[in-house]
Amino acid sequence: MSFPWANEYQPSHPFMKWMDEKLPLPRLVYNSVGSGYPVPRNLNYFWNFGFLALICLVIQIVTGIVMAMHYAANTAVAFDTVEMTVRDVNWGWLMRYAHANGASAFFVVIYIHIFRGFYYGSYKAPREMVWLLGVVIFLLMMATAFMGYVLPWGQMSFWGAKVITGLFSAIPFVGEPLQQWLLGGFAPDNAALNRFFSLHYLLPFVIVGVVILHIWALHIPGSSNPTGVEVKSESDTVPFYPYYIAKDGWAVGAFGFLFCMMLFFFPNALGHPDNYIPANPMSTPAHIVPEWYFWPFYAVLRAFTQDFFFIPAKLMGVLAMFGAILVWFFLPWLDKSPVRSGSYRPTYKKFFWFGLIPAMLVLFYCGGAPAAEPYVMMSQLAALYYFAHFLIILPVVSAIEKPLPLPYSITEAVLGKDEAAQLAPTAR
Ligand code: HEM
């Protein structure tokens, strides 16, 4: 939305005036991330995570392009080319560790970004499109990360690819031909490695495209804020530059510090030791585990252990695993509360903190644990709550709960009063 009080772009330099007539790129920047973009004045640190996600995306693309210069997508040498990049290429170790840990950092940032959305109701109208595009980005990120993990062609790369592509075989009738078509063979091999490399290089740029749409869609209503009350007057906002550029800059510094700690002191902490063993189709690892960011969904997959009449357990697991993400697409319509922010929704808030968060943590834990008791039962209970939360609890609670009184405006929430807005002709 262009707020009537947004600063107007006024180029003073003749070159910038000329540019503004021919290709108004500086105007676009000014209106999107400059002084021409008014933003709610009360955004807390959770609103820094979108910007951090952008930084992660850039880190992944830059380090990935450099790594691709030294990588060969051939099962005979893929493992060695990655090791060679780390050992023999100048700064290769930094590129590899930044890329591998960057994927983890990206997912940490995105999970916080998404859960911020759950708590503050960022998915609600008028930002449904921002949310829907976000879910598309998340699915693309998962596909990209999965294919990236196959590339070093270590033991976990190979067996992870075998398990995950094997899931397609659960689809009735077309499953097995589909799996063979995806792999280009009966098992992960050269054909699969080549196509995964090609797609792993391509998808980040598709993500860039969807991120542009995501931010475009966000800039139509503008950002929400911790109160969930929409902007009413000029005093509710501050210009993006310098205020949020400075705050995002601070967040990037803090993130950079933690990221460097990871890179320089614990670069392999999140990696699986089996992936330092070259892929061997003749030797199955004791536990095949995906990367940590897939664990909650992997736990949902493994929570189905019994066939249900003619429906095999594996098929139900696959459907539930995809369903656990696809249900997010329906959130804007499942949540009927007129109040956006969890801070003013006492019942919803309890289910968020004492239901959804613990269920998600249990799923995280169980997804990385062996497929044995008590983890299977814990996954089943947590998965049950997870689906009940979105499909039953959220619609019911949002329809019947009595929210707390909302502040009149963002300014009132911040300063305790907002006389100017209440006297304005548009005031309720
Ligand atoms: C590459 C991944 C992503 C990038 C670069 C990105 C970027 C951003 C940025 C810069 C913002 C504005 C600042 C902020 O509110 O934090 C934003 C807002 C938002 N994002 Fe994302 N995002 C990504 C993924 C996602 C995902 C996966 C979801 C949800 C599934 C999502 C949902 C949202 C929502 C709902 C908002 C509006 C928040 C509000 O104003 O309350 N985003 N995103």
Side-chain angles (χ1 to χ4, degrees), residues 1 29 32-33 37-61 64 102-145 203-231 236-237 240-241 243-245 247-252 255 293 296-297 324-332 334-335 339-343 356 360 390 410:
M1 186 203 287
V29 172
S32 313
V33 288
Y37 181 51
V39 185
R41 62 192 286 175
N42 61 338
L43 299 188
N44 63 27
Y45 285 117
F46 286 111
W47 266 259
N48 289 119
F49 283 83
F51 193 79
L52 288 182
L54 265 178
I55 299 293
C56 291
L57 185 57
V58 171
I59 293 177
Q60 290 312 92
I61 291 180
S104 282
F106 201 174
F107 275 96
V108 170
V109 165
I110 280 298
Y111 275 119
I112 297 176
H113 191 62
I114 294 174
F115 276 76
R116 180 283 309 262
F118 288 151
Y119 182 78
Y120 289 111
S122 299
Y123 49 82
K124 291 169 85 83
R127 295 177 189 78
E128 311 93 308
M129 186 51 84
V130 187
W131 176 259
L132 298 180
L133 291 165
V135 182
V136 172
I137 296 173
F138 187 68
L139 289 169
L140 288 169
M141 279 177 64
M142 294 195 113
T144 311
L203 285 186
F205 297 97
V206 178
I207 295 179
V208 169
V210 188
V211 165
I212 291 171
L213 298 181
H214 182 67
I215 296 174
W216 183 9
L218 174 71
H219 281 216
I220 291 169
S223 280
S224 181
N225 66 90
T227 66
V229 174
E230 291 293 341
V231 167
D236 288 344
T237 62
F240 191 81
Y241 174 83
Y243 294 96
Y244 285 109
I245 288 279
K247 193 166 172 174
D248 281 335
W250 190 92
V252 171
F255 168 85
Y293 33 80
F297 306 103
I325 301 175
L326 298 183
V327 68
W328 296 353
F329 276 118
F330 302 96
L331 266 190
L334 288 168
D335 182 348
V339 172
R340 192 170 289 123
S341 167
S343 305
L356 183 62
M360 200 67 190
F390 291 116
I410 293 171

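For reference, positions follow the sequence shown, starting with 1. Counting convention: from 1, in listed order, for ligands and their atoms alike. Below, each value reflects all heavy atoms present in this structure, side chains not excepted, and no hydrogens, waters or symmetry copies.
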For Ser223, atoms of ligand 1 separated by under 4.0 Å from a heavy atom: 40 (O)
Which pairs count as side chain to side chain donor-acceptor pair (under 3.5 Å) when at least one residue sits in residues 126-136, sequence neighbours excluded? Arg127-Glu230
Is any protein N, O or S atom closer than 2.8 Å to atom 21 (Fe) of ligand 1, and if so, which? His113 NE2, His214 NE2
Taking ring-ring contact (aromatic ring centres under 6.0 Å, His included) as the test, write out the residues that go with Phe106, two or more places apart. none
Residue selection (non-hydrogen contact nearest atom 5 (C) of ligand 1) among Leu54, Val208, Leu139: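 That would be Leu54.
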Measuring from atom 40 (O) of ligand 1, which candidate in Ser224, Pro226, Pro332 has the nearest non-hydrogen atom? Ser224
Would you list the pairs meeting salt bridge (Lys or Arg N to Asp or Glu O under 4.0 Å) in which at least one residue belongs to residues 103-124, sequence neighbours left out?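 Only Lys124-Asp335 qualify under salt bridge (Lys or Arg N to Asp or Glu O under 4.0 Å).
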May I ask you to check whether Tyr120 and Asn44 show a side-chain donor-acceptor distance below 3.5 Å? yes
Would you mind reporting whether Phe107 and Cys56 have side-chain heavy atoms less than 4.5 Å apart?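 No; the side chains remain at least 4.5 Å from each other.
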Tell me if the centroids of the rings in Phe115 and Phe49 come within less than 6.0 Å of each other.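 Between Phe115 and Phe49, the centre distance exceeds or equals 6.0 Å.
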Can you report which non-hydrogen protein atom sits closest to atom 15 (O) of ligand 1, along with the distance? Arg116 NH1, 3.1 Å
Does Ser122, backbone or side chain, put an N or O under 3.5 Å from an N or O of ligand 1?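 Such a contact does occur with ligand 1.
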